[in-house]
Amino acid sequence: MAKSNFLRGTLLLTVASFLSKFLGMIYVIPFTNLVGETGMTLYGYAYGPYTIFLSISTVGIPLAVSKFVSKYNTLNDYHTSYRTFKMSVMIMFATGILSFLVMFFSADLIAKWTIDEGTKNISIDDVKYVIRMVSFSLIIIPGMAVMRGFFQGNQSMEPTAVSQVIEQIARIVFLLVVVFIIIQLAGGERVTAVGWATFAAFIGGLASWIVLLYYWRSRKRHINENLKRQRKIYQYETKDLLRELISYSGVFVFVGMAIPLFQLVDQFTFNHAMVAIGLADEAEVAYSIFNVQGHKLIILPVTIATGLSLALLPEITSAYNSKDSKRVKLLINQALQIIMFFVLPAVVGIMLLSDEIYGGLFGLQNIDIAGPLLAWYAPSALTLAFFTVTASILQGINEQKFTLISLGIGILTKVLLNSIMIQTFESKGAVISTLIATLIASLLNISRIHKKIPFPVKKLFKLSLLMLIFTAIMTLAVIIVKWIFGLIMDYEEGRIASLFVGVIAALIGGGIYLYLGYASTLFERITGRRIAFVDRLIGRE
């Protein structure tokens, strides 16, 4: 029953995470139409530093609280769990306020690092304004994240899942309404609209707090019963509890900051490098394309694959601690195969349909820049997924400290290559350097895992080759679909037609890939299970 509840909870969180990111992609369509790609670039300039400050303010404590509470609840020491939770909430409010103050008053410095004097449409004052507007969210988000961690530690995933979705909905509704009022009804400035759009993160945080407090009131009686039932109360020193909590949190914060750190390198170097080669105008458009809209597109398959792979992490940890090496090898292989199975075809699909997808969703006005740039950025989905999952596997086999080394090398690679690559390959250079840096970090993690647990790499390569063959067949199908539509309509000139062709080609290509994966038993070999209604559908009972 416990395992069933865990799997249900993991599935719930994965679905909520995917839905949240899907909504986060969809709202960008009307938002881009309202503020343009220059406005989206300004929006991205605010969210890059905000994500870093948020990670620093929480220092990984919400996830650490989840692990801490789960451990002490297992020992029936509910008082220590509850005491640590209350202590963590106070710490998070303190660090949140401190982070808000630092971000608010350093906005001018961050803006100067971001914007080159040769930039035409975005000023240093514009960037400073939007950074200060988003900084208010730091006051409430860290404490809210700790409450989610407490519920998860109590094996209650529903509050986190529901609050995550409600937070996103509230943020998006506020953002779109206020931006529409400022631009369309009041005839206001784009900078003002983008500033209030970033403030929407604060509104989303408030909505999430309301949901979590509702769950807290409904679950408080059960928590109190556990506290009353505990016979022996342990009087641990506060400093000892804090030391243990921080020992759990250290790696979480750096892994959570991985993607934002790569994006921050772009924020501080991209604009300057593009201005240096005389492409200031393109810089404002290109940054938005790959760091805002494009990133939201490629992160969708990453969310599904990593969610499914990370569901295996507790089993990997359990098998490792019980010294069941055969089981550990099987699970590691399975986690990596899931990444390949889901993300590889998605990457190829985005590369093939980059013009249709971007043009249909966000408009055709800059498609000559956007289409190729999205195609170049797509492979990063695979390396980012591998880094996230391998970092978690390293944690499961007590090699979490190595993640700091691999991430550090990856970030250093990005820093050293970025300006050179941009000045050599223009805007594509930024996404190429991200791909190289994340690939190096992922390979280092895989090498370390294999050194500690020599899992059968041959099987991974063998199944990956089969996935490549199925992806090649999918590719041929997509090309044929595009060719047929190209004969009967000029879909590249119309946004709706472009989106229609992109969706149809994606459905046909994706359907063929999934059919081949299922009919060949590849899906079963990777996940270890079949789906009954699909068997009936294809006549394989």
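Residue numbers count from 1 along this sequence. Just so it is clear, the values below take in all heavy atoms, side chains as well, and ignore hydrogens, waters and symmetry mates.
- The minimum heavy-atom distance between Pro49 and Ile131, with the atom names listed, is CG-CD1, 4.5 Å.
- Thr413 contributes no side-chain N or O that, together with a main-chain N or O of Ala437, makes up a donor-acceptor pair within less than 3.5 Å.
- A donor-acceptor contact closer than 3.5 angstrom links the side chains of Gln293 and Ser288.
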(message) One pair to check against side-chain hydrogen bond (donor to acceptor under 3.5 Å, both in side chains): Thr38 and Arg190. What are the steps and the verdict?
(response) CA-CA 9 Å; Thr38 300; Arg190 176 167 53 192; 4.5 Å; no

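- For the pair Gln152 and Pro159, the minimum side-chain heavy-atom distance is 4.5 Å or more.
- Annotation: Lys220, atom NZ; neighbour count of heavy atoms from other residues, nucleotides and ligands within 6.0 Å is above 12.
- Ring pair Phe53/Phe100: centre-to-centre distance not below 6.0 Å.
- The pair Lys414-Asp266 meets the salt-bridge criterion, since a charged nitrogen lies less than 4.0 angstrom from a carboxylate oxygen.
- Of all heavy-atom pairs spanning Ile369 and Ala286, the tightest one is CG2-CB, 4.5 Å.
- With a 4.5 Å cut-off on side-chain heavy atoms, Ile182 and Glu189 do not count as touching.
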(request) Please assess Phe104 against Met133 for the test side chain to side chain contact (heavy atoms under 4.5 Å, CB included), listing each intermediate value before the final yes or no. (result) CA-CA 8 Å; Phe104 187 91; Met133 286 294 283; over 6 Å; no

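- Atom OG1 of Thr434 is separated from atom CD of Gln263 by 8.5 Å, given to the nearest 0.5 angstrom.
- The shortest distance between side-chain heavy atoms of Tyr50 and Leu138 falls below 4.5 Å.
- Of the possible polar contacts, none joining the Gln423 side chain to the Ala273 backbone as a donor-acceptor pair under 3.5 Å is found.
- Looking at heavy atoms from C-beta onward, Val285 lies out of side-chain contact with Thr41 at the 4.5 angstrom threshold.
- Annotation: Tyr215 is not in aromatic contact with Phe150 [ring centroid separation under 6.0 Å not met].
- The aromatic rings of Tyr43 and Tyr47 sit tilted, their planes meeting at an angle between 30° and 60°.
- Considering only heavy atoms from C-beta on, Arg171 comes within 4.5 Å of Tyr27 through its side chain.
- Residues Ser123 and Asp126 bring a donor and an acceptor atom of their side chains to less than 3.5 Å of each other.
- In this structure, Glu356 does not pair ionically with Arg495, as no charged nitrogen and carboxylate oxygen lie closer than 4.0 Å.
- Side-chain atoms of Leu297 and Phe362, non-hydrogen and from C-beta on, do get closer than 4.5 Å to each other.
- At least one donor-acceptor pair under 3.5 Å links the side chain of Ser137 to the backbone N or O of Phe202.
- Put simply, the side chain of His295 does not reach to within 4.5 Å of the side chain of Phe290, judged on heavy atoms.
- Shown here is Gln365, whose CD atom has more than 12 heavy atoms of other residues, nucleotides or ligands within 6.0 Å.
- Between the CZ atom in Phe199 and the OG atom in Ser135 there is a gap of 9.5 Å [rounded to 0.5 Å].
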(request) With side chain to side chain contact (heavy atoms under 4.5 Å, CB included) as the test, would you mind laying out the steps for Lys21 and Met25 before giving the verdict? (result) CA-CA 6 Å; Lys21 285 183 169 57; Met25 182 196 74; over 6 Å; no

(request) Please report the C-alpha distance between Leu382 and Met340 in whole Å, then the side-chain angles of each, then the deciding distance to 0.1 Å, and finally whether the side chain to side chain contact (heavy atoms under 4.5 Å, CB included) criterion is met. (result) CA-CA 8 Å; Leu382 198 57; Met340 284 294 293; 4.3 Å; yes

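- Remark: the backbone N or O of Ile140 is paired with a side-chain donor or acceptor of Trp209 at under 3.5 angstrom.
- Shown here for Ala375 and Pro379, the closest heavy-atom pair between the two residues is O-CD, 3.4 Å.
- Note: Leu212 CG to Glu167 CD = 9.0 Å, rounded to the nearest 0.5 Å.
- Ser88 contributes a side-chain N or O that, together with a main-chain N or O of Thr84, makes up a donor-acceptor pair within less than 3.5 Å.
- Between Phe85 and Trp216, the ring centre distance stays below 6.0 Å.
- Panel note: side chain Thr95, backbone Met92; a donor-acceptor pair is recorded below 3.5 Å.
- The distance from the CD1 atom of Ile122 to the CG atom of Asn271 is 7.5 Å, given to the nearest 0.5 Å.
- A side-chain N or O of Arg148 and one of Ser208 form a donor-acceptor pair less than 3.5 Å apart.
- Atom-to-atom distance recorded for Ser427:OG and Ile422:CD1 is 8.5 Å, nearest 0.5 angstrom.
- Closest heavy-atom contact between Ile110 and Thr114: O-OG1, 2.8 Å.
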(message) Under the criterion side chain to side chain contact (heavy atoms under 4.5 Å, CB included), I'd like the reasoning laid out for Leu54 against Ile141: C-alpha separation, chi angles, the key distance, then a yes or no.
(response) CA-CA 8 Å; Leu54 181 60; Ile141 299 292; 3.6 Å; yes

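- Inter-residue side-chain proximity for Thr403 and Phe387 is flagged as met; some heavy-atom pair is nearer than 4.5 Å.
- The backbone N or O of Leu443 sits nowhere less than 3.5 Å from a side-chain atom of Ser447 that would complete a donor-acceptor pair.
- When all heavy atoms of Ser406 and Asn445 are compared, the pair lying nearest together is OG-OD1, 2.7 Å.
- Closest of all the heavy-atom pairs between Leu374 and Ile350 is CG-CG2, 3.9 Å.
- Atom CG of residue Leu444 and atom CD1 of residue Ile405 lie 9.0 Å apart, to the nearest 0.5 angstrom.
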